[in-house]
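Below: one structure, written as structure tokens.
In what follows, residues are counted from 1 in the order of the sequence shown. Remember, it's 1-based here, ligands and their atoms both numbered in the order they're listed. Excluded from the calculations below are hydrogen atoms, water molecules and symmetry mates; all remaining heavy atoms, backbone and side chain alike, are included.
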Amino acid sequence: MHTVQLLQVTDPHLFGDPATELYGVNTADSLRLTLAAALADGPAPDAVLVTGDIGDDMSAEAYAHFRHTLQDSGAPVLCLPGNHDDPALMTRLLNGDGFQYCGHARLGGWGLVLLDTHVPGRPHGRLAAAELERLDVELRALHDVPVLVALHHPPLPVGSAWLDGVGLTNGAAFLDVIDRHSNVRCVLAGHVHQEFDAPRGGVRILATPSTCAQFTPRTERCVMDRRPPGYRWLRLHEDGSLTTRVGWLPRLVGEPRDENATRR
Ligand SMILES: [Fe+2]
């Protein structure tokens, strides 16, 4: 057993055509640069966790580009879907050969549960009854180890009215399941394109900057932030505690613009 070194990257928003820009950022270049910076800024990861909005245009090619880029990490890649993803394509294209879609995993002395909050055609998230039931079953099976639960939509408001309007619509039901178990230490999300860190009892609720463009925190409407791409390292210790930090690229990739700021 050892301290687990987990690297999270999130919301790369890749396209079938790798020349495509989103919010003024070439998302393929930005993911490549962010992954390289993250790997240079930490130990060899035990796994890379990617918390959704992997593809943006529902194309098989976007997921092929993702596979090609992430396989250089040299670690297993754990994936779950965001609102912009196609869960059926991900199930087909991101399972096997070093990649895993949803389900659960054991890393050292820790358990991970990866959830699907995707609602077809909608920006908000929801956990289907079967997914909430699976969470309960997985947490029971992992009762004797500390657990990190990962999902795209954060289960709590993050303080931006527009973003909280497209959060997890049954966050309370999710937290009810978490509260029935004493082994959950961390809930890790994407979707907010910014750093978020809120303790809730013994559970740390985290979200992480995107590998492309960021949203300005605590705004009524969507406003792009002039912060560079980011990533998060987590160290999951044997005693069930965790330490984490967000890393940022030293400079912007592209020039973030508000042109599609009604998207998320
Ligand atoms: Fe996103």
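Taking backbone and side-chain atoms together, His84 has no N/O/S atom less than 2.8 Å away from the Fe ion (ligand 1). With a cut-off of 2.8 Å, the Fe ion (ligand 1) has no N, O or S atom of His191 in range.
Of the listed residues (Asp53, Thr51, Thr208, Thr211), just one forms a side-chain hydrogen bond (donor to acceptor under 3.5 Å, both in side chains) with Thr10, and that residue is Thr51.
Not counting sequence neighbours, Ser73 has no partner by the side-chain hydrogen bond (donor to acceptor under 3.5 Å, both in side chains) test. Every side-chain hydrogen bond (donor to acceptor under 3.5 Å, both in side chains) that Arg140 has, sequence neighbours left out, goes to Asp136.
Minimum-distance N/O/S atom of Asp53 relative to the Fe ion (ligand 1): OD2. Atom OD2 is the N/O/S atom of Asp11 found closest to the Fe ion (ligand 1).
Atoms CG and CG, from Asn170 and Asp176 in turn, are 10.0 Å apart once rounded to the nearest 0.5 Å.
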